[in-house]
Amino acid sequence: MQNMPRNTLTGFAADLGGTKIAAARIEQGVVAERLITPTDAAADPDAQIAAIRTLLDRLGHASGAPLGVAVAGRVDSAGSWHAVNRGTLPAILGFALEQALVRDLGAATCLNDAAAAALAEGLFGAGSRSNSFAYLTVSTGVGGGLVIANRLIASENGLAGHVGFVSSRHASGPCGSGRMATVESIAGGRGIAAAAAAAGHADTDARAVFAAAAKGQDWADRIIATSASAVATLIGDLTAILGLDTVAMGGSIGLAPGYIDRARAALAEEPALFRPRLVPATLGHDAPLIGALAAHLRKESP
Ligand code: ADP
Ligand code: BMX
């Protein structure tokens, strides 16, 4: 990607996902301080901005300081924010996010969380030497960002890269996007929790399913194996479309111990041509934060 020295990144970033909001003060490309709070998934956009602002205030953000904001959901070219999965963020139905951030915080750029992470990994991480790169987050949902021939793929409606909404032979139920049997509906955190409930374990989130699998519980192990298989099939499909050479995995599920090994084992069943290099995100949980600030600074001085 276009050269941007990592040490030129100084400012603030926020990352609003379906489960948690993270905010950070970034100095010379490194997260110097980070705060995390749970997402109130049902909250309206003004309340979401207020939650971000509370964290930024505590980090010493002053109006007009460089700020990148990564959010779950699509952000269109006018800076409006829409949930694609209405089950995850039901009150985000088209809101002028960039305008509101600039009004409340002085300066900001916003983009999808997985797109931000893909940008960061493409510039500074696992994708920096790749010609055809995908970042996948397995978290509340399954998100994606694509960096092909050194460009982050974007569409005017902000939907490009939403790879979690691809159909999956591992899935069968409805998805909050309105589609049926998507990768996200079986492999993401909400899908894992739904599978646990269907197996008789109500009120069990994905983290608890991983804990049960670690204790040797078969029902939990099967659910995680299905998630990893669905993600591996998605990687094979994306490779057929885009000729991927490298995929980086992020998100609390993607980075959970053992998950990437399961995905690699499932990917090993694909023919070699459909098997890109699969690695954990080099920047780990910092990727969306670093990418959001990078997007802002690139926009300010392209
Ligand atoms: P967000 O989706 O808000 O970006 P995360 O990347 O933390 O947030 O993903 C949230 C999902 O990850 C939830 O479904 C949660 O249960 C699950 N999770 C969080 N921590 C872990 C963990 N240590 N192991 C497995 N799953 C986890
Ligand atoms: C969903 C979708 C994406 C997002 C991805 C990861 C919504 C609300 N979210 O596919 O926009 O990038 O989840 O988000 O439509 P996270 O909440 O898992 O971090």
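Read the numbers this way: they start at 1 and go in the same order the structure lists the ligands and their atoms. Note: hydrogens, waters and symmetry copies are ignored here, and every other heavy atom, side chains too, is used.
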Among all protein heavy atoms in this structure, tell me which lies nearest to atom 8 (O) of ligand 1, with the distance rounded to 0.1 Å.
Lys20 NZ, 3.4 Å
Check this for me: does any side-chain nitrogen of one of Arg169 and Asp237 sit under 4.0 Å from a carboxylate oxygen of the other?
no
Identify, by atom number and element, the atoms of ligand 1 in contact range of Gly251, meaning under 4.0 Å from any of its heavy atoms.
6 (O)
Classify the side-chain pair Thr19/Thr140 by whether it contains a donor and acceptor separated by less than 3.5 Å.
yes
For ligand 1, which atoms sit closer than 4.0 Å to a heavy atom of Phe210?
25 (C), 26 (N)
State plainly whether the residues Glu300 and Arg298 are in salt-bridge range, i.e. N to O under 4.0 Å.
no
Checking the N or O distance criterion of under 3.5 Å, is ligand 1 in contact with Arg207?
yes
Ser80 side chain to Gly94 backbone, donor-acceptor under 3.5 Å
no
Backbone N or O of Leu283 within a donor-acceptor pair of the Glu121 side chain at under 3.5 Å?
yes
When distances are taken from atom 14 (O) of ligand 1, the protein heavy atom at minimum range is Gly189 CA, 3.4 Å
Any side-chain to backbone donor/acceptor pair from Thr204 onto Ala202? Under 3.5 Å, distance only.
yes
Looking only at N/O atoms, are Arg190 and ligand 1 under 3.5 Å apart anywhere?
no
Note the single closest protein heavy atom to atom 6 (O) of ligand 1, along with its residue, its atom name and the distance in Å.
Ser252 N, 3.0 Å
Has Ile253 got any heavy atom lying under 4.0 angstrom from an atom of ligand 1?
yes
Going by atom types only, do Ser130 and Asp245 share a side-chain donor-acceptor pair under 3.5 Å?
yes
Over 12 foreign heavy atoms within 6.0 Å of CG, Asp203:
no
Decide, yes or no, whether a salt bridge links Glu33 with Arg58 under the criterion of side-chain N to carboxylate O below 4.0 Å.
no
Find all atoms of ligand 1 within a distance of less than 4.0 Å from any non-hydrogen atom belonging to Thr140, and give their numbers and elements.
1 (P), 2 (O), 3 (O), 9 (O), 10 (C), 11 (C)
Short N or O distance, Gly18 and ligand 1, threshold 3.5 Å exclusive
yes
Tell me whether Arg6 contacts the main-chain N or O of Gly29 through its side chain, where contact means a donor paired with an acceptor under 3.5 Å.
yes
What's the verdict on salt bridge (Lys or Arg N to Asp or Glu O under 4.0 Å) for Lys20 and Asp15, showing C-alpha distance, side-chain angles and the deciding distance?
CA-CA 8 Å; Lys20 65 173 198 301; Asp15 170 23; 5.1 Å; no
List, pair by pair, the atoms of ligand 2 and of the protein that are both N or O and lie under 3.5 Å apart, giving the separation rounded to 0.1 Å.
| residue | atom | partner | partner atom | Å |
| --- | --- | --- | --- | --- |
| ligand 2 | 10 (O) | Val142 | O | 3.2 |
| ligand 2 | 10 (O) | Glu184 | OE1 | 2.5 |
| ligand 2 | 11 (O) | Gly73 | N | 2.7 |
| ligand 2 | 11 (O) | Asn112 | ND2 | 3.1 |
| ligand 2 | 11 (O) | His162 | NE2 | 2.7 |
| ligand 2 | 12 (O) | Asn112 | ND2 | 3.0 |
| ligand 2 | 12 (O) | Asp113 | OD1 | 2.6 |
| ligand 2 | 14 (O) | Asp113 | OD2 | 3.2 |
| ligand 2 | 15 (O) | Val84 | N | 2.7 |
| ligand 2 | 15 (O) | Asn85 | N | 2.8 |
| ligand 2 | 17 (O) | Gly18 | N | 2.8 |
| ligand 2 | 18 (O) | Ser139 | OG | 2.6 |
| ligand 2 | 18 (O) | Thr140 | N | 3.0 |
| ligand 2 | 18 (O) | Gly141 | N | 2.8 |
| ligand 2 | 19 (O) | Asp113 | OD2 | 3.0 |
| ligand 2 | 19 (O) | Ser139 | OG | 3.4 |

Give the atom numbers and elements of ligand 1 that come within less than 4.0 Å of a heavy atom of Ala256.
24 (N), 25 (C)
Nearest neighbour in protein (non-hydrogen) for atom 10 (C) of ligand 1
Thr19 OG1, 3.5 Å
Checking Arg74 side chain against His82 main chain: does a donor-acceptor pair fall under 3.5 Å?
no
